[in-house]
Amino acid sequence: MLLLNRVALITGGAKGIGKGMALKFAEEGCSVAIADISVKDANETINEIEKIGREGLFVECNVTDSGQLSDMVKQVIEKFGKIDILVNNAGTLLHVADPNLKSIATIPENEWDKLLAINLKGTFLTSKAVVPFMKEKRYGKIINITSLGAVYPPAVAPHYNSAKAGVMGLTYDMACELGPFNITVNAIMPGLIRTSFYEPVLKTKTDEEKEEFFKERSKNIPLQRAGTAEDVACVALFLASELSAYVTAAILPVTGGLPFQPNF
Ligand code: NAP
């Protein structure tokens with residue numbers, strides 16, 4: 001097992017990519033804490049972790065709130081005594097279906113602030129709360145989640161793409177600052193991953209139309225399909241384990257080959 005006796009904290013681990021990572025890590029021997037705002041889904045994920053035979057802990061926590069974060073980290077340390085792995089995964093593209101959010105001309109200032117707070121500031125605040133405990137043990141694996149949109153924006157969400165580009169910059173800085181403490185900091189850059197992330201756009205569509213949505217977008221992907229939470233979790237496992245001992249400041253794309261395209 002690659003993560004035996006390790007402890008991971010995954011923000012946004014209730015569902016989607018975060019849940020995929022939580023279950024993958026548990027299968028590899030890891031105890032998993034989840035910090036999320038989605039209470040029902042988080043409790044279900046904890047049940048699944050326990051069915052695998054590992055310990056789980058859910059703490060309701062909004063990653064934009066430093067007070068909630070410090071209480072949450074305290075609870076994780078009280079239960080497990082350490083945090084070896086931190087995945088800064090909580091993120092969202094609020095109101096993704098709203099056409100006003102596609103242009104800097106129409107994005108309201110408060111939407112910009114909200115998106116930056118969840119996707120970028122949340123990564124900073126969570127890391128700030130966890131890093132002292134990693135430094136104390138002189139061990140840590142931090143995995144940030146950026147997005148292909150950061151470097152190859154499809155011009156649908158300038159605020160989201162800017163936040164995710166910020167996560168890349170933060171990853172490089174944190175890797176340099178924390179390397180001397182034996183803490184690695186890397187990022188995963190997902191492309192099109194089929195999760196509830198797309199619910200706001202798809203909620204009014206039929207099952208057939210939902211299939212069509214992903215099928216249409218898969219045509220430009222070299223591997224010809226949308227990714228799964230499992231696809232991302234496998235790469236996260238590499239970055240969370242000793243297989244990546246000498247890897248830091250890396251941004252790993254999990255995009256099926258995008259932005260390169262077949263028949264371009
Ligand atoms: P998801 O299925 O929507 O899951 C995200 C989880 O984070 C949800 O449980 C969500 O709760 C929670 N969350 C949202 N805001 C939060 C906050 N302020 N504090 C704590 N938890 C919060 O999305 P996903 O597809 O798994 O995405 C995971 C990460 O991958 C995100 O950072 C996303 O930006 C990134 N990503 C995804 C894709 C993709 O194609 N899916 C592509 C590139 C990057 P609610 O559902 O209640 O809001």
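Counting starts at 1 for both ligands and their atoms, in listed order. This one's a predicted model, so the numbers in the text were calculated from it and none came from an experiment. Side chains are part of it too, since the values below use all heavy atoms of this structure and drop only hydrogens, waters and symmetry mates.
- Of the possible polar contacts, none joining the T146 side chain to the V167 backbone as a donor-acceptor pair under 3.5 Å is found.
- Smallest separation of non-hydrogen atoms from N161 and P153: ND2-CB, 3.2 Å.
- Below 30°, between 30° and 60°, or above 60°: for Y160 and F197 the angle between ring planes is between 30° and 60°, a tilted geometry.
- Between P200, S196, G20, A35, it is S196 that holds the heavy atom closest to atom 1 (P) of ligand 1.
- Annotation for L4: atom CG counts as buried by contact number, over 12 foreign heavy atoms lying within 6.0 Å.
- Shown here is F260, whose CZ atom has no more than 12 heavy atoms of other residues, nucleotides or ligands within 6.0 Å.
- Scanning both residues, V87 and F25, for their nearest heavy atoms gives CG2-CE2, 4.0 Å.
- Of the protein's non-hydrogen atoms, G91 O, 4.0 Å is the one closest to atom 5 (C) of ligand 1.
- The 12-atom threshold is exceeded at CD of E209, counting heavy atoms of other residues, nucleotides or ligands nearer than 6.0 Å.
- Near T195, meaning under 4.0 Å from any of its heavy atoms, are these atoms of ligand 1: 2 (O), 23 (O), 24 (P), 25 (O), 41 (N).
- Within a 6.0 Å sphere centred on NZ of K210, other residues, nucleotides and ligands contribute more than 12 heavy atoms.
- In the candidate list V167, T64, D36, D36 is nearest to atom 9 (O) of ligand 1, counting heavy atoms.
- Annotation: I193 places an N or O atom under 3.5 Å from an N or O atom of ligand 1; distance criterion only.
- Of all protein heavy atoms, the one closest to atom 20 (C) of ligand 1 is C61 O, 3.3 Å.
- When the heavy-atom distances from atom 38 (C) of ligand 1 to G191, G227, G13 are ranked, the shortest goes to G191.
- Residue contacts with ligand 1 include N89, since one or more of its heavy atoms lies under 4.0 Å from the ligand.
- The part of T146 lying near ligand 1 is the backbone, judged by heavy-atom distances below 4.0 Å.
- For the ligand labelled ligand 1, residue K164 lies inside the 4.0 Å heavy-atom shell.
- Distance from atom 46 (O) of ligand 1 to its nearest protein heavy atom, with residue and atom name: K15 NZ, 2.6 Å.
- Across S147 and M189, no two heavy atoms sit closer than the pair C-CG, 3.4 Å.
- Heavy-atom neighbours of K51 NZ from other residues, nucleotides or ligands within 6.0 Å: at or below the threshold of 12.
- Taking 4.0 Å as the cut-off, L93 does not count as a neighbour of ligand 1 on heavy-atom distance.
- In this structure, N62 has a heavy atom closer than 4.0 Å to ligand 1.
- Heavy atoms of G149 stay at 4.0 angstrom or farther from ligand 1.
- Shortest contact from atom 37 (C) of ligand 1 to any protein heavy atom: I17 CD1, 3.9 Å.
- Residue contact check: F197 has heavy atoms under 4.0 Å from atoms 1 (P), 2 (O), 3 (O), 23 (O), 25 (O), 33 (C), 34 (O), 39 (C), 41 (N) of ligand 1.
- Considering all non-hydrogen atoms of both residues, K82 and V7 come closest at O-CG1, 3.3 Å.
- At the shortest separation from atom 19 (N) of ligand 1 among protein heavy atoms lies V63 N, 3.1 Å.
- In terms of protein heavy atoms, atom 33 (C) of ligand 1 is closest to Y160 OH, 3.6 Å.
- Ligand-side atoms of ligand 1 in range of Y198: 39 (C), 40 (O), 41 (N), range being under 4.0 angstrom from any heavy atom.
- Other residues, nucleotides and ligands contribute more than 12 heavy atoms inside 6.0 Å of the CD atom of E78.
- Relative to atom 47 (O) of ligand 1, the option among S38, A90, A229, A226 with the closest non-hydrogen atom is S38.
- Of all heavy-atom pairs spanning M134 and D84, the tightest one is CE-O, 3.5 Å.
- Considering only non-hydrogen protein atoms, atom 6 (C) of ligand 1 sits nearest to G12 O, 3.6 Å.
- Between atom 13 (N) of ligand 1 and the options I145, T92, I37, I34, the minimum heavy-atom separation is to I37.
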